[in-house]
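What follows is a single structure, written as structure tokens, with notes after it.
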Protein chains: 2
Amino acid sequence: MSTIKEIAERANVSRTTVSRVLNNSGYVSEEVKKRVLKVIEETGYVPSENAKSLRTKKTKVIGVILPKISTETSSRLVNGIDEVLAEKGYQILLTNTNLIPEKEIEFLRLLKSRHVDGVILSATNINEQLVDEIYRLKIPFVMVGQRISGLPNVVFDDYQATRDIVNLLIKKGHKKIAFIGVDEKDHAVGYLRKLGFIESMKESHLPIEKSWIQKGIFDMKSGYNCMKLILDSSQNKPTAVVAVTDRLAIGAMQYIKEIGLSIPGDIAIAGMGASELSKFISPPLTTIDFSFEDAGREAASLLLEKINGHDYHETIRTIKYRLLERDSI
Amino acid sequence: MSTIKEIAERANVSRTTVSRVLNNSGYVSEEVKKRVLKVIEETGYVPSENAKSLRTKKTKVIGVILPKISTETSSRLVNGIDEVLAEKGYQILLTNTNLIPEKEIEFLRLLKSRHVDGVILSATNINEQLVDEIYRLKIPFVMVGQRISGLPNVVFDDYQATRDIVNLLIKKGHKKIAFIGVDEKDHAVGYLRKLGFIESMKESHLPIEKSWIQKGIFDMKSGYNCMKLILDSSQNKPTAVVAVTDRLAIGAMQYIKEIGLSIPGDIAIAGMGASELSKFISPPLTTIDFSFEDAGREAASLLLEKINGHDYHETIRTIKYRLLERDSI
DNA sequence: CTGTAATATGGAATCGATTCCATAATAATG
DNA sequence: CATTATTATGGAATCGATTCCATATTACAG
């Protein structure tokens, strides 16, 4: 691996001049420039980004912290982020917390030690310590999916989206609607979506049986189990179910089918997230399309603004969603 | 952001000593050690990885080049890679070629300039120029999914897997089997799978109509179109179809269903890749599970070996696959 | 009590770039 | 032709760590 010094020697100029050619800044005569470029070409020299960024304090790397790496949500988000960042010559340094909250802080520190130019965090739950750490970081930062006051956020309207779904079911005549949620520590998916459900029901003066509200985790098995609980634990069976993710909904569908009930005849069901599966499952699942690519793009743009601008007041970008009404309701 | 110099001053020691504490190497008295650690704690100091790696020539970063970022294949692969690397304290620098071949070379150079400790490349096609560049790189390197001689490879047995599927169909009595492939420039998915198909057919002395072999790209729409061509362009209609990816297969299924034929009654169909969709589509799709997570883990392990060992002879790790027989055949 | 080994610490060079400052050569201006 | 800009180039400091080498102190052996 050649260095700028070698190039300088070979081209019979100083390192300073080589640097000027590299960044084409300052004055360099055409002749010298040509000579230097020729040497660079011949040797296949590539300047060390490392040394460069030590001096310039810019790495052109953005840290991305994901709760889980191989989910459709994450990969669509990263796709959106990359779309915007790659264009501006930034690379993505990927970290995966695997849903372990302490890792978020660990990675935040790590990304700082690597001098990334900015951080995008897609978190599922936010504790005090994490928020503290973020404030201490003083690195351009964007939060996706959850809200932290005082910082740039890209959020989905979880509350309203859930209401739209519930209201649609109500409009279709359903009065007994069950709900499969997740832990409310996840403010967006857990708390806000549940709130949307409850408030919509209340506004329409519809009762909610306690057993109709179940809490799962983020997988199909859990949706299956929740559905089982809902149907087994009460005589009063709901005619519709809203699940806060498609996976939960699909798990629930499996149970419904398994016990011989029809969808949507006996029970209507809706999910959220517009996973690819939702379109192909039978019957196709009604869901909310949150466009994670848009969220990624938005987050990246916002981050670039912060990187260039430095204005650190709170910013909230709400990603629009679409209700995809399909045959499951 | 504090530096080692500041810590040294605050603790009234030299930078050398602080460095010793940081890496606990060399001799440091308990007393001084405590004092330094306390200052580090107080200031929240994190050493600059950047400066460190400039000196040590190690970045603890692995570059990963993907053909497409938001596909199930890629995200499963990255998941496997991350599983192994994270454990050893490595981070992933992600780059996405979006299937543009020149980008592979561009990113290879870029990753070198960033002094990554190694590179994992998941490529769809390999041209001479790319191979040249890889040889020139002289960075620990692992190729996934395609083979390059003389270097470490993690490959799938595309040929045999395809044969297994075709043979299964033949065993089930099918004699007229169609094939939806992709460009043979993609040696693994395009060339080898087609070869497997053709040879299996030949060995069983089964004829292949020219129109039964179609070439698509990597999406459902393309599978749909290919299926249409297969069924429309000849009187002699096949009773089974093998598609080289699940997406192509699912697209094909859509067309088959659309024209009112039944699966597998009128036409049996099989895909490859074991996408999540394949399990939930109706009827569930027979496919090959290539365990991309395993491939990722294997690639990462192999890379770590290379990073530590330096032995650069060719290595080939073939990831085992499972044939998932489901209702579509 | 002297000589060697072990322990403890710091100075200064180094990694590979950028960048400020100085200086030399050439061109433009009055 | 002297003076000032402009162009062209290099020297050396710098970024923030690590690490070789030197030196000082203490411990131990003969």
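Throughout, a chain's letter reflects where its sequence line sits, starting with A, and its residues are numbered from 1.
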For this session: Give a yes/no on whether any side-chain N or O of B:Ser29 is located under 4.0 angstrom from OP1 or OP2 of C:dT9.
Result: yes
Exercise. Has A:Tyr27 got a side-chain N or O lying under 4.0 Å from the OP1 or OP2 atom of D:dA8?
Worked result: no
Exercise. Who are the side chain to side chain contact (heavy atoms under 4.5 Å, CB included) partners of A:Arg15, not counting sequence neighbours?
Worked result: A:Ile4, A:Lys5, A:Ala8
Exercise. Does A:Lys57 have a side-chain nitrogen or oxygen under 4.0 Å from the phosphate oxygens OP1 or OP2 of D:dG16?
Worked result: yes
For this session: Could I get the full list of side chain to side chain contact (heavy atoms under 4.5 Å, CB included) partners for A:Ala11, not counting sequence neighbours?
Result: A:Val13, A:Val36, A:Val39
For this session: When you get a sec, tell me which of C:dG11, D:dT18, C:dT18 is the closest nucleotide to the side chain of A:Ile4?
Result: C:dT18
Exercise. Has B:Ser53 got a side-chain N or O lying under 4.0 Å from the OP1 or OP2 atom of D:dA17?
Worked result: no
Exercise. Toward the 5' end of DNA chain C, which comes first, A:Leu54 or B:Glu30, by nearest nucleotide?
Worked result: B:Glu30
Problem set entry | Parallel, tilted or perpendicular: rings of B:Phe156 and B:Phe292 (30°, 60°) | perpendicular
For this session: Return yes if a side-chain donor-acceptor contact under 3.5 Å exists between A:Ser14 and A:Thr17, otherwise no.
Result: yes
Exercise. According to a 3.5 Å limit on both distances, what stems of 3 or more consecutive Watson-Crick or G-U pairs are formed with DNA chain D?
Worked result: C:1-30 with D:1-30
Problem set entry | N or O in side chain of A:Thr3 less than 4.0 angstrom from C:dG16 OP1/OP2 | no
Would you tabulate the pairs of protein nitrogen or oxygen atoms and nucleotide nitrogen or oxygen atoms of nucleotides 26-29 of chain D closer than 3.5 angstrom?
none

Problem set entry | A:Val116 versus A:Ile139, closest heavy-atom pair with distance | O-CG2, 4.1 Å
For this session: Kindly point out which of D:dG16, D:dA17, D:dT14 is positioned nearest to the side chain of A:Arg55?
Result: D:dT14
For this session: For A:Arg317, look at atom CZ and say whether over 12 heavy atoms of other residues, nucleotides or ligands are found less than 6.0 Å away.
Result: yes
For this session: For B:Arg15 and C:dT14, give me the distance from atom CZ to atom P, rounded to whole Å.
Result: 14 Å
Problem set entry | Heavy-atom closest pair, residues A:Ile126 and A:Ile148 | CD1-CG1, 4.0 Å
Exercise. When the distance from NZ of B:Lys34 to C1' of C:dA8 is rounded to whole Å, what number comes out?
Worked result: 17 Å
For this session: Give the nucleotide from the list C:dG10, C:dT18, C:dT9 with an atom nearest to the side chain of B:Val13.
Result: C:dG10
Seminar exercise, completed: By side chain to side chain contact (heavy atoms under 4.5 Å, CB included), B:Asp132 pairs with (sequence neighbours left out) B:Glu128
For this session: Could you go through the side chain to side chain donor-acceptor pair (under 3.5 Å) check for B:Ser113 and A:Lys52 one step at a time?
Result: CA-CA 10 Å; B:Ser113 78; A:Lys52 190 175 185 167; over 6 Å; no
Exercise. Whole-Å distance between C:dA17 C1' and A:Lys58 NZ?
Worked result: 16 Å
Problem set entry | Whole angstrom value for the distance that separates C1' of D:dC15 from NE2 of A:His115 | 10 Å
For this session: Give a yes-or-no answer on whether the side chains of A:Lys68 and A:Asn96 include a donor-acceptor pair shorter than 3.5 Å.
Result: no
Exercise. B:Lys112 has an atom NZ; how far is it from atom P of C:dG16, in whole Å?
Worked result: 12 Å
Exercise. Atom NZ of A:Lys33 to atom P of D:dT9: distance rounded to whole Å?
Worked result: 12 Å
For this session: Under the salt bridge (Lys or Arg N to Asp or Glu O under 4.0 Å) rule, what do B:Glu293 and B:Arg297 come out as? Steps first, then yes or no, please.
Result: CA-CA 6 Å; B:Glu293 287 89 352; B:Arg297 279 188 285 263; 5.5 Å; no
For this session: Determine, for B:Lys34 against B:Glu30, whether the closest basic-nitrogen to carboxylate-oxygen distance falls under 4.0 angstrom.
Result: no
For this session: To the nearest Å, give me how far apart CG (A:Asn50) and P (C:dT14) are.
Result: 19 Å
Problem set entry | Value in whole Å for how far the C1' atom of D:dG16 lies from CD1 of B:Ile40 | 14 Å
Seminar exercise, completed: Per the under-4.0 Å heavy-atom filter, residues of residues 16-25 of chain A near DNA chain D come out as A:Thr16, A:Thr17, A:Arg20
